[in-house]
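Okay, so here's the structure we're looking at.
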Amino acid sequence: MIILHLDDAVIKSLSGNELNILKFICGHAQDVLDMSIHELARHVSYSTATILRLCKKLGYSGFAEFKYALRQELNKPRTAPKSVKDSALSTQMILDNLSSNTEGTAKLIQEEQLYQTFHYFDSNCPIYLWAPGGPTSILTDYFEKLLFSIGRQNVYKVEASKMGEHILRTIHTESILVLISVTGDFAPTVKLAKLARMNGIPIISITPCTNNRIAELATVNFRFFTTQHENMGAEFTSRLPIFFIIHLIICTYLEYRQNLPPLAPFSTPWAPPQEKRNG
């Protein structure tokens with residue numbers, strides 16, 4: 001996977017069609033280098049105008065400049081395990097995919113996101129971690145244990161949606177809700193995000209790089225790259241990029257605490273918009 005000039009603002013600006021084209025390019029980068037814009041348009045079933053809009057949103061004057069940057073990225077030296085042998089399970093391809101997803105995820109993380117998160121960590125406000133069950137709850141457990149390991153108190157795991165709704169309706173706004181979602185659109189998680197935002201409770205979320213409802217509602221959103229996988233209706237998408245984000249947040253926070261003075265006292269940086277009333 002090749003990632004070029006992507007950050008949260010760029011991703012939010014992309015339409016669904018543009019995201020689909022970007023996904024194709026990321027998965028077929030070498031092939032795209034040999035395509036004209038018209039050939040790419042035929043492969044992705046979108047117009048050349050849509051491809052040009054994508055290139056410009058990514059910071060390039062046109063498709064030619066985009067392909068040049070893509071070629072430069074592909075030509076960068078990359079390290080790969082030498083001891084891995086070919087197998088029927090395409091082990092090397094799996095490793096390459098996991099590596100590129102993690103590398104792409106790292107490029108999406110901005111200092112501003114980290115510092116805003118550190119601001120919350122430096123406060124004494126309660127941190128509520130939503131654990132909806134399944135593999136996502138393993139991620140929540142990991143985040144909770146790392147927060148405790150750095151001495152952060154007032155960390156609470158919420159494992160029932162009804163309890164989560166009750167907490168969000170009654171707690172003080174100087175609290176934080178952490179939401180992790182592999183799809184970004186899991187209905188119970190979206191419901192909690194809407195309730196938190198309605199009550200002015202800041203949300204730190206970890207969601208896919210695609211446009212999704214939870215990312216839109218979050219105060220601070222960390223995005224990750226991964227390939228969605230299902231087998232007979234069961235989802236088994238890799239969580240490795242999410243583990244990477246959690247680990248990076250904690251490690252950089254420790255480094256920040258060692259090198260910088262404490263931030264100003266806690267204050268909520270986001271306030272819910274006032275609804276207009278008729279009449």
Interatomic spacing from [atom1] in [X] to [atom2] in [Y] - rounded to 0.5 Å:
X      : Y      : atom1 : atom2 : answer
Leu195 : Arg197 : CG    : CZ    : 13.0 Å
Asn124 : Ser175 : CG    : OG    : 11.5 Å
Ile37  : Glu39  : CD1   : CD    : 11.0 Å
Leu129 : Asp141 : CG    : CG    : 9.0 Å
Arg53  : Ser47  : CZ    : OG    : 6.0 Å
Tyr60  : Leu52  : OH    : CG    : 14.5 Å

Inset, instruction - Determine, stepwise, if the pair Ile21 / Ile25 fulfils side-chain contact (heavy atoms from CB on, under 4.5 Å). - result: CA-CA 6 Å; Ile21 296 171; Ile25 293 172; 3.9 Å; yes

If I compare all heavy atoms of [X] with all of [Y], which pair ends up nearest, and what's the gap?
X      : Y      : answer
Gln113 : Leu108 : OE1-O, 3.5 Å
Phe224 : Pro241 : CB-CB, 3.9 Å
Cys209 : Arg223 : O-NH1, 3.5 Å
Pro132 : Phe186 : CB-CE2, 3.9 Å
Glu18  : Lys57  : OE1-NZ, 2.9 Å
Leu168 : Leu192 : CD1-O, 3.4 Å

Flag side-chain contact, heavy atom, 4.5 Å: [X] against [Y]:
X      : Y      : answer
Phe148 : Glu144 : yes
Cys55  : Lys67  : no
Ile250 : Phe143 : yes
Trp130 : Ser161 : yes
Lys157 : Glu159 : yes
Ile246 : Ile180 : yes
His43  : Val32  : no
Gln116 : Thr219 : yes

Legend entry - CD (Glu112) with more than 12 external heavy atoms under 6.0 Å: no

Inset, instruction - Take atom CD of Glu111 as the centre, draw a 6.0 Å sphere, and report whether it contains more than 12 heavy atoms from other residues, nucleotides or ligands. - result: no

When you group the ILVMFWY residues by side-chain heavy-atom contacts below 4.5 Å and let the links chain together, are [Y] and [X] in the same group?
X      : Y      : answer
Met198 : Ile214 : yes
Ile150 : Leu114 : yes
Leu40  : Tyr68  : no
Ile203 : Ile201 : yes
Ile245 : Ile127 : yes

Legend entry - side chain to side chain donor-acceptor pair (under 3.5 Å): pairs with one or both residues in residues 245-254, sequence neighbours excluded: Asp122-Tyr253, Tyr142-His247

Inset, instruction - Applying side chain to side chain contact (heavy atoms under 4.5 Å, CB included) between Leu22 and each of Val44, Leu58, Asn17, report the one that passes. - result: Leu58

Inset, instruction - For His166 and Lys162, indicate whether the former's side chain and the latter's backbone hold a donor-acceptor pair under 3.5 Å. - result: no

Legend entry - Flag, side chain of Asn154 to backbone of Cys125, donor-acceptor distance under 3.5 Å: no

Inset, instruction - With side-chain contact (heavy atoms from CB on, under 4.5 Å) as the test, would you mind laying out the steps for Val220 and Tyr120 before giving the verdict? - result: CA-CA 11 Å; Val220 182; Tyr120 293 133; 4.2 Å; yes

Between [Y] and [X], do the side chains contain a donor N or O and an acceptor N or O under 3.5 Å apart?
X      : Y      : answer
Thr140 : Ser137 : no
Asn221 : Ser205 : yes
Asn212 : Thr183 : no

Legend entry - Parallel, tilted or perpendicular: rings of Phe118 and Phe121 (30°, 60°): tilted

Inset, instruction - Report the C-alpha separation of Ser36 and Arg42 in whole Å, then their side-chain angles, then the decisive distance to 0.1 Å, and conclude whether the side-chain contact (heavy atoms from CB on, under 4.5 Å) test is met. - result: CA-CA 10 Å; Ser36 67; Arg42 286 197 296 271; 5.5 Å; no

Legend entry - Lys107 and Glu73 ion-paired at < 4.0 Å: yes

Legend entry - Residues that Lys194 engages under side-chain contact (heavy atoms from CB on, under 4.5 Å), provided they are two or more places apart: Val190, Arg213, Leu217

Inset, instruction - List the steps and the verdict of side-chain contact (heavy atoms from CB on, under 4.5 Å) for Ile204 and Phe222. - result: CA-CA 8 Å; Ile204 298 174; Phe222 294 92; 4.1 Å; yes

Inset, instruction - Please identify each residue that fulfils ring-ring contact (aromatic ring centres under 6.0 Å, His included) with Tyr156, with sequence neighbours left out. - result: Tyr128

